[in-house]
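Because the structure is a prediction, the values reported are computed rather than measured. In what follows, chains carry the letters A, B, and so on, assigned in the order in which the sequence lines appear, proteins first and then strands, with residues in each chain numbered from 1.
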Protein chains: 2
Amino acid sequence: MGKKKLFSKPMIGIDLGATKIFAAVADENGKIIATAKKKSAGEQGREAVLDRVADTALKALVDSGVSIKKIGAVGIGVPSPVDIKTGVAYLSPNLGWKNVPVKKDLEARLGLPVFVDNDVNVGTLGEHVLGAGRGAGCMAGIFVGTGIGGGIIIDGKVIHGRNMTGGELGHMIIVPDGPLCGCGNRGCLEALASRIAITRDVLAAIDKGMPTMLTDMLEKNTDRIKSSVFKKAYEAGDELTVTYLNRSAWFLGIAVANIVNAIGPDIVVIGGGFFEALGAQLLPIVRVSASHHYFGPAGKDMKVVLAELGDSAAALGAAVFASRGGI
Amino acid sequence: MGKKKLFSKPMIGIDLGATKIFAAVADENGKIIATAKKKSAGEQGREAVLDRVADTALKALVDSGVSIKKIGAVGIGVPSPVDIKTGVAYLSPNLGWKNVPVKKDLEARLGLPVFVDNDVNVGTLGEHVLGAGRGAGCMAGIFVGTGIGGGIIIDGKVIHGRNMTGGELGHMIIVPDGPLCGCGNRGCLEALASRIAITRDVLAAIDKGMPTMLTDMLEKNTDRIKSSVFKKAYEAGDELTVTYLNRSAWFLGIAVANIVNAIGPDIVVIGGGFFEALGAQLLPIVRVSASHHYFGPAGKDMKVVLAELGDSAAALGAAVFASRGGI
């Protein structure tokens, strides 16, 4: 109806995760018209992973019915810091990658221009352009899952930072000398409020003999608790679960306030697998904690909301990133 | 020698502080050619303060020998959140100001275009364009004095944030539920590492009977310790002073790391009266602490340096802000 289109041509967006590849073909309005999934299979080596990425993109393309000639570009988010100019992924322990020229290698496979960024950065961009952050000039995104990733958008652009680590909100120090984080530091947000951090605290409490319905829900000798298990126990009012999850939400609120006090975004969007499962329960607590820690007027009319795009955020954001020519 | 000039015309920059007004005339290269000072005298009321601001600017102008017709514009930094579009200062407890239309009132007095921003924002801008941050695209400034102010510059522009509180780095929460801050929150950087915070801890230690040479240096019943007094005691190796000041530098390093992990600036500049006095002693500790808390590669080649412009930073930054038409 004459409405301005988001893309000049359909785009392919890819989310390369540690365990699975998700590809989507998006039309000019940013609407997904076909998707495909494959396992990442990082253990098969880098060439095999890149082959599977290309296969997944082409499978989605075939399903979409769009001719490859009509595709504008391919965007991909990878679980690594990325030099967005060269499209090289520096380091992905999960994939066993070091300095992989993703752009060059995928362009050779697909015959299309490819643009590469970090998966959380493109996820943030997806939420900004097509999800919960639509219309905001400046946005912070926090994605809570196994770990905690983040992204910051100022005047519509993702902040990459000097060493391509911009937006690493999971590694802001919230409690100096606090619990050990996977990054080697102590007291990072990720060490306090990620699924891994909560699991660490819950298992330690169980070891001490604290009663919880989780005991019956866990497999023997597990060091993993799924978000769906936490959700079930939380909804059943299990005191141990409720206590630890509420505490994690309080820490998240401090991180939200720190970002708001430092940058003053228009909106903070919280997503990730853990918050997809438990956002309805935990978001109100995050908001109270954030409000408790906002500086003076910094939190006035501040929106702290749940992400909207779920698993599609990174692929859609990658498509947006590609449509802009990788900036 | 054909070098591109910073300003198209000479500018007037003003730093309106809680106690004094400092005005400078800067030539097209951003070099100060004349300055003037007066007391702010906030107790005499807003009109009197604005009269004195105008008088100070004109005194510097007369001393500069530059005709008022040749001046491009006037910039002023005020100790208040500011709506930079309208030039209204929201709230300055020290001056007793609430919603003061500084731009309008000073334009009426001076007959020149006036541009208004927060004093710490223009101080950061001054350091970015003419001081320690020259040439950096993205910079964070932290100014440690009685309190702690901050500013963030991304792609050359000061981040004002949704509620004009962007860059309030002194109010990032560093120790949840820590000491009470003047802002009403607990554990803000300002409540841990400002001169007021250190003074609070030192006086409490003296009350407990801890020996320190400060006891003989302080006036009776004082609740104020000057930066110069701290410097003297620190240099003499006074254990109480050294311990508390080093501790404050450690907290500052956490704040630096949080900003670096979140945004990844090219440089962090630390200034303010307290660091002008004690920067040589404390900066190395700030750097070690920051490095301790950087996320992975975030701190690679990160420069954490002392400010260079001293008391002139805000006036020069205000001149830069004016030269850009208030953006």
Donor-acceptor contact below 3.5 Å, side chain B/Asn163 vs main chain A/Gly264: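 It does not hold such a pair.
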Could you go step by step and tell me if A/Ile259 and B/Met172 meet the side-chain contact (heavy atoms from CB on, under 4.5 Å) rule? CA-CA 8 Å; A/Ile259 284 298; B/Met172 289 199 301; over 6 Å; no
First locate atom [atom1] of [X], then atom [atom2] of [Y], and finally report the distance between them rounded to the nearest 0.5 Å.
| X | Y | atom1 | atom2 | value |
| --- | --- | --- | --- | --- |
| A/His171 | B/His293 | NE2 | NE2 | 14.0 Å |
| B/Asn261 | A/Leu169 | CG | CG | 9.5 Å |
| B/Arg186 | A/His292 | CZ | NE2 | 8.5 Å |
| A/Phe295 | B/Glu190 | CZ | CD | 7.5 Å |

Winner by heavy-atom pair count (cut-off under 4.5 Å) against chain B, out of [options]:
| options | result |
| --- | --- |
| A/Ile174, A/Leu91, A/Val175 | A/Ile174 |
| A/Pro297, A/Cys181, A/Cys183, A/Gly170 | A/Pro297 |
| A/Ile254, A/Ile154, A/Asn258, A/Ile267 | A/Asn258 |

Are B/Asp155 and A/Lys157 packed together at the side-chain level, in the sense that at least one heavy-atom pair is separated by less than 4.5 angstrom?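 Side-chain contact under 4.5 Å: yes.
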Please examine the side chains of A/Ile263 and B/Ile263, heavy atoms only from C-beta on, and report whether any two atoms are closer than 4.5 Å.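 Side chain of B/Ile263 against side chain of A/Ile263, heavy atoms only: contact under 4.5 Å found.
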Check whether [X] gets within reach of chain B through its side chain, its backbone, both or neither, counting any heavy atom under 4.5 Å.
| X | result |
| --- | --- |
| A/Tyr90 | neither |
| A/Ala257 | neither |
| A/Asn185 | side chain |

Top contributor to chain A contacts, counting heavy-atom pairs under 4.5 Å, from B/Gly137, B/Gly299, B/Gly161, B/Ala298: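 Winner by heavy-atom pair count: B/Ala298.
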Taking B/Ile173, B/Ile159, B/Asp301, B/Thr165 one by one, which has the highest count of heavy-atom pairs under 4.5 Å against chain A?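 Maximum pair count with chain A is reached by B/Ile173.
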Give the minimum heavy-atom separation between B/Arg162 and A/Lys300, together with the two atoms involved.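 Reported closest heavy-atom pair: NE-O, 3.9 Å.
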